[in-house]
Number of protein chains: 4
Amino acid sequence: MTGRPRDPAVDDAIRRAALELVGEHGYRGVSMEAIAARSGVSKQAIYRRHASKGEVMLDAQAAFARTRLPTPDTGDLREDLLALLEETFSGQRGVNGALNRALAAEALQDDAFSELLNERLIRQRRDAVRLILARARERGEVAHPSDDLLIDLVFGPMWYALLLDPGKLTAEYAATLTDAVLAVARSHGRPESRTNSPTSGNTAG
Amino acid sequence: MTGRPRDPAVDDAIRRAALELVGEHGYRGVSMEAIAARSGVSKQAIYRRHASKGEVMLDAQAAFARTRLPTPDTGDLREDLLALLEETFSGQRGVNGALNRALAAEALQDDAFSELLNERLIRQRRDAVRLILARARERGEVAHPSDDLLIDLVFGPMWYALLLDPGKLTAEYAATLTDAVLAVARSHGRPESRTNSPTSGNTAG
Amino acid sequence: MTGRPRDPAVDDAIRRAALELVGEHGYRGVSMEAIAARSGVSKQAIYRRHASKGEVMLDAQAAFARTRLPTPDTGDLREDLLALLEETFSGQRGVNGALNRALAAEALQDDAFSELLNERLIRQRRDAVRLILARARERGEVAHPSDDLLIDLVFGPMWYALLLDPGKLTAEYAATLTDAVLAVARSHGRPESRTNSPTSGNTAG
Amino acid sequence: MTGRPRDPAVDDAIRRAALELVGEHGYRGVSMEAIAARSGVSKQAIYRRHASKGEVMLDAQAAFARTRLPTPDTGDLREDLLALLEETFSGQRGVNGALNRALAAEALQDDAFSELLNERLIRQRRDAVRLILARARERGEVAHPSDDLLIDLVFGPMWYALLLDPGKLTAEYAATLTDAVLAVARSHGRPESRTNSPTSGNTAG
DNA sequence: GTTTAAACGAGACGGTACGTCCAGTCTTGAA
DNA sequence: TTCAAGACTGGACGTACCGTCTCGTTTAAAC
């Protein structure tokens, strides 16, 4: 009834092989077959744990990513955001970036996987920003009513860059984007009058 | 030296079959083999034109998209942007949306294809926004120095939504996003003084 | 290290399908693809066993031929040879003959396959004749020093007929050829004196 | 109505390319496509002249072979035969041998081609031997009633060797085979009594 | 200790698609 | 009408993975 317990070394071997192979051949160029061969593990053992290549990769990624995720708290929204963005952007280089792109690719073609990715990776990042915003909101730095939109403005351009030009994710771009998000955060999220009369402020009063 | 010229009817048949099949089985469920069978065209003929399934789809998509692409000119940035976004968002439903997601997935896994996608699809959309921004800038509606950032703020969240939750792309989200972009456009793109005099809040008053 | 053992039923299915298809469409008209389809076996499974269509056919042929191969022992060389030749010639009709011709064709174009054909089919037939000759030699019926030449005289004309006119392989031709081989067997394999004395004709008298 | 006449240079180019390619890649490894490419001639031009690769090769071969074909007339059957066989055997080396094997392969799988091969190549060789035999018969050197059988004994083993072991076609084998044919030629083609009584000669008397 | 049951490697299995090659035909423009 | 060029359909090639299925062996908990 109990049977032989799963060997944790097998899990590790799979993760290790997966990451190596992505580094060498890209996500596309990796097959379950190759992971099995490289890891010295049978295909059966992999399929016992993961339903698809995507899940293998997500597992490998999560095992790595779990360590990080800082939520700076400097008392200043701009500094907090900037720190988070710089950290996040710089993490999109190398194998890690390749893996992220691959996971996104998988999610784009498979709703169930999209769900999974959201749960295991995306949500945590969004929550980190949400926490920063909550603190800033208490300090009166945020006028905009929707955290979610602000978060979209943070990560949307990041994934967009990952899609078209990963090289764009520099510290400079992080700063530019931070300032843009700040501008929105300070706004009320409703169109101001375009007449620009000095009394426009009164409409809110 | 001349040889028999390519038959344009073949190009059309390929495009038509590709779109039909994506509609029926999704991008994943389409194979070059199936496209050839459905279109009554030989695989050779397809490979002569396109290097991969992605290119076939991109070509089919581009042939459709070429017809549209409105650049509203109402004399008001908010209205122009909103119109474009609503139009674009509503175009991400159904087969077209599925196709866009698939193309993005492909681009995420293949740099060469990413390039191609940029050239044939992305650039045109960005240019449409760029034109709208240029007109608004002349009218004094845009203070932010970088068109590119503003454009990133328009399309970044769109692709981000396509990745995680395509259902998010409603007219309402278009409006919310438009206002956010406007807020940034009106800003100077540089952080406001953070000297944090207790009266700083009054500047808005 | 052990792995799942090969399924002998697969071997059989391949052989059966191969023979059926040769009967229906001729060797030329058979493809690996068709063998796989007809046998309900994957192409992989076939290529795991055989490197080419030729090998598949040879295997099928050999599996059949293995059952037969009589070596008559009547105590008389002529009768033994005649029986073997009649049996062999009559076996070159219908599908079997077509198959033999095809195997020969394959061998003519591929040295490695020639080798294989020799090992698996030809050698056994030659050995059958060799055995007959050995017994006859003990009885003093064979003067010619070379078994191999005598065997060549048996099978050479057979393949030659298969090449140019398979219909020639009648019982009558078997008899004629048998007598010719006998004539050589009784000779010493060296030219008789050609001193050409006018009386040399008398030696036969 | 007359149109442009065919360019004989095209015929030559085809033949030349065909022979070159057979030499380089073997008959198997030659395609109409390759012949066209190598010769700088369009596929159309080839198909206008020849119905198949086999016919191209037969044409190329015939253009070469037409020059030779000696029918020695030394006044002695053995010498005539030996000369012919040595000449013929030595001609089966190199490209020529490869071509002959290929033509045979083609004939084995295609009755129409077999016919053609017979007409254009085989018949002439048989006739050469037939002529030699006729002269010998007049000199009383041939007792056997059937020229055709004797000819089969000459060429059968040759093709047989070509099939299984072309290296066998040495001058020595030519001699051995010649002697065997001679033995048959001197026989009556009917089985002698095996009792070997000295009176056996009388049965014919 | 012995059972017992699951995990393990190896690798065969039916499928499906891949991207390539060649056959034989057709279509262009030039000679 | 031929010619070189090259597009065209059709079909098979041999390969690569997929996810599943035996095999024989190993391992640890339950008896």
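Lettering follows sequence order; numbering is per chain, from 1. Side-chain atoms are counted along with the backbone in the values below, which use heavy atoms only and exclude waters and symmetry mates.
The main-chain N or O of Val30(D) is found under 3.5 Å from a side-chain atom of Lys53(D) such that the two form a donor-acceptor pair.
Rounded to whole angstrom, the span from the NZ atom of Lys53(C) across to the C1' atom of dG11(F) amounts to 13 Å. dA12(F) atom P lies 11 Å from atom CD1 of Ile35(C), rounded to whole Å. The distance from atom NE2 of His50(B) to atom C1' of dA7(F) is 15 Å, rounded to the nearest whole Å. To the nearest angstrom, C1' of dC8(E) lies 11 Å from CD1 of Ile14(A). Atom CD in Glu33(B) sits about 14 Å away from atom P in dC13(F), given to the nearest Å. Look at CE on Met32(C): it is 17 Å from P on dG15(E), rounded to the nearest Å. The distance from atom CG of Asp12(A) to atom P of dC8(E) is 13 Å, rounded to the nearest whole Å.
Here the OH-CD distance, from Tyr47(B) to Glu55(B), works out to 11.0 Å after rounding to the nearest 0.5 Å. The CG atom of Leu164(C) lies 11.0 Å from the CG atom of Asp111(D); values are rounded to the nearest 0.5 Å. A distance of 9.0 Å separates CG in Leu108(A) from CH2 in Trp159(A), rounded to the nearest 0.5 Å. Of the inter-residue distances, the one linking Arg101(B) atom CZ with Gln109(A) atom CD reads 9.0 Å to the nearest 0.5 angstrom. Rounded to the nearest 0.5 angstrom, Leu19(C) CG and Ile14(C) CD1 are separated by 12.0 Å.
The salt bridge (charged side-chain N to carboxylate O under 4.0 Å, His left out) check on Asp11(A) picks up Arg49(A), with sequence neighbours excluded.
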Please enumerate all protein N or O atoms sitting under 3.5 Å from an N or O of nucleotides 23-26 of chain F, with distances to 0.1 Å.
{"from": "dT26(F)", "atom 1": "O2", "to": "Arg4(A)", "atom 2": "NH1", "distance (Å)": "2.7"}

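Among Asp59(A), Val10(A), Val56(A), Ile35(A), the single residue meeting the side-chain contact (heavy atoms from CB on, under 4.5 Å) criterion with Arg15(A) is Asp59(A). None of Leu99(C), Val22(C), Val95(C) except one satisfies the side-chain contact (heavy atoms from CB on, under 4.5 Å) rule with Gln61(C); the exception is Leu99(C).
For the segment residues 41-49 of chain A, the set of residues with a heavy atom within less than 4.0 Å of an atom of DNA chain E comprises Val41(A), Ser42(A), Ala45(A), Arg48(A), Arg49(A), in numerical order.
Along DNA chain F, the nucleotide closest to Ala34(C) and the one closest to Arg6(B) are compared, and the more 5′ of them pairs with Arg6(B).
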